Amino acid sequence: MGAGPSRWPLEAIGALALLVFWQALALIGQSRVLPGPLAVGERLLALATTGPLLADLAATLVRAGFGFVLAMGFGSVAGYLLGRHPNLDRLLQPLLVTGLNLPAIVIAILIYIWLGLTEVALVLAVTLNKLPLVAVTLREGTRALSTDYEELATALRLSPLNRLRAVVVPQLMPYLLAAARSGISLIWKIVLVFEILGSDRGVGFRISLYFQFFDVAAILAYAALFLGVVVLIEALVLRPIERRVLRWRG
Amino acid sequence: MARVTLKTLTKAFGGAPLYAGLDLEVGNGEVVALMGRSGVGKSTLLRILAGIDRDYEGSATIEGVAAAQAPAPGFMFQDARLLPWLTVAQNLRLARPALSDEDLETRLAAVGLGGTSTRFPGQLSGGMQRRVALARAVLANPRLLLLDEPFASLDQALLEEMLALVGRTLAETHATAVIATHRSVEAASLAHRVLMLSGRPVAIAADIRLAGEPGARSRAEVDAITLSLSKDEGV
């Protein structure tokens, strides 16, 4: 947050410094397992034009997208209900603690065993991994809802839909954005691990393949692309949404 | 206009009885000021009448309808209580969604806030926010107005401005109104009748009908009533 006028130049300087440092390391190391950014860039271009890179990226994006939407949707509703009903929260506490602490890989393996190595299983495993975190974040947001505004909504006789739209959701927005932001970074990582585990395409699958050949340039090319997509989502989706919904804060 | 009736109202607060069989009636178009020291239970009465507080025994009705089921009253809280993420226009439309842009501007101009409809509450001064809250309270032409310490923490200049504004609004709408206040001058300026609340459980220590119509009282008459109420406050 806090997008000041000097934010982008500073970030650009930081990114450039990182690239220079990386290139210097590569030059010093002179090793096939530590290619510099220029070599990785070349490989990225080649993989994108003639290789499977774009198809892999599309497959991973679709999986991550489905997982993200499902986890945010169900997690938000669950978190709101948990925040509203303390007894339900207590009842589901063991399930929530289990979901939060069960290693992602365990969930994936179990789902793969039960449902087979399918797209549905992969998306479900991703959703189940992220959902408890969204639920806990939104539960805290719901607990922090202002009773003053509730009273106002009651005095105005707002319909449940208007109450949700005008009073509840705007208060939950910072929590939704926080969950979305952490969700995007987490889901990307999980999808890749799960693709390594049980898929025949996607960024994770391809990286595991290149790992077997010790093709570090290709691995880093995929990682760089991956990073680029996350930065784009942040810049083109999350920040504009954030600016719009929090513009009242000036 | 709406007749307000409380019958054998009973409610506990913090383990002790706040009201124990309280009876109260406010006639159609009557403006009643509830006075009494802080914490005596004035605000709770307003919250019951607004349908916000439903945890009581006995009955609270507006035109014979239970308060919680009655149409929305116009309610002014102690603070402006505008939703900070909505513009002034959006805040007003919460009370009356179908209001046209022209009508909305007219209503805003009536409280001296023309041209502010697209601003957020955070861009307005405290006094301007109070005026938006007043505009919102009367926007749907409610038959019952509930004002909870509407002039609390206002400086003298703003107090006089708001008193005049609320007085005008009450005279124009002819709504029944219940005002919780601890300042005699507010009651003297706005009310037909003053109820002094005291004790625990709360009792009506004095029921005073003020002379003349609120809007038609001269400055001298308001001052005289204020003085007399200040003496009664000790009841």
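Predicted, not measured: the structure shown is a model, and the values here were computed from it. In what follows, chains are A, B, ... by sequence order, proteins preceding strands, each numbered from 1.
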Do B:L83 and A:V167 pass the side chain to side chain contact (heavy atoms under 4.5 Å, CB included) test, and can you show the C-alpha distance, the side-chain angles, and the key distance before you say yes or no? CA-CA 8 Å; B:L83 298 178; A:V167 181; 4.0 Å; yes

Check each atom of [X] against the heavy atoms of chain A and say whether the ones under 4.5 Å are side chain, backbone, both or neither.
X      : result
B:L139 : neither
B:R54  : side chain
B:A67  : backbone
B:A140 : neither
B:R119 : neither
B:P71  : backbone

CG on B:L86 to CH2 on A:W248, rounded to 0.5 Å: 10.0 Å

Under 4.5 Å, counting heavy-atom pairs only, tell me which of B:A95, B:P73, B:P84 racks up the most with chain A.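 Result: the option with the highest number of such pairs is B:P84.
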
In residues 142-161 of chain A, which residues are in contact with chain B at a heavy-atom separation under 4.5 Å? A:D148, A:Y149, A:E151, A:L152, A:T154, A:A155, A:L156, A:R157, A:L158

So which bits of residues 64-95 of chain A come within less than 4.5 Å of chain B, counting non-hydrogen atoms only?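 So far as heavy atoms go, nothing in residues 64-95 of chain A approaches chain B to under 4.5 Å.
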
Under 3.5 Å: donor-acceptor pair, side chain of B:W85, backbone of A:A166: yes

Is the CG atom of A:N101 crowded by more than 12 outside heavy atoms at less than 6.0 Å?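 Atom CG in A:N101 is packed in, count exceeds 12.
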
Just checking B:E57: does its CD atom have more than 12 heavy atoms from other residues, nucleotides or ligands closer to it than 6.0 angstrom? no

Chain B contact via A:V245 - which portion, at a heavy-atom distance below 4.5 Å: neither

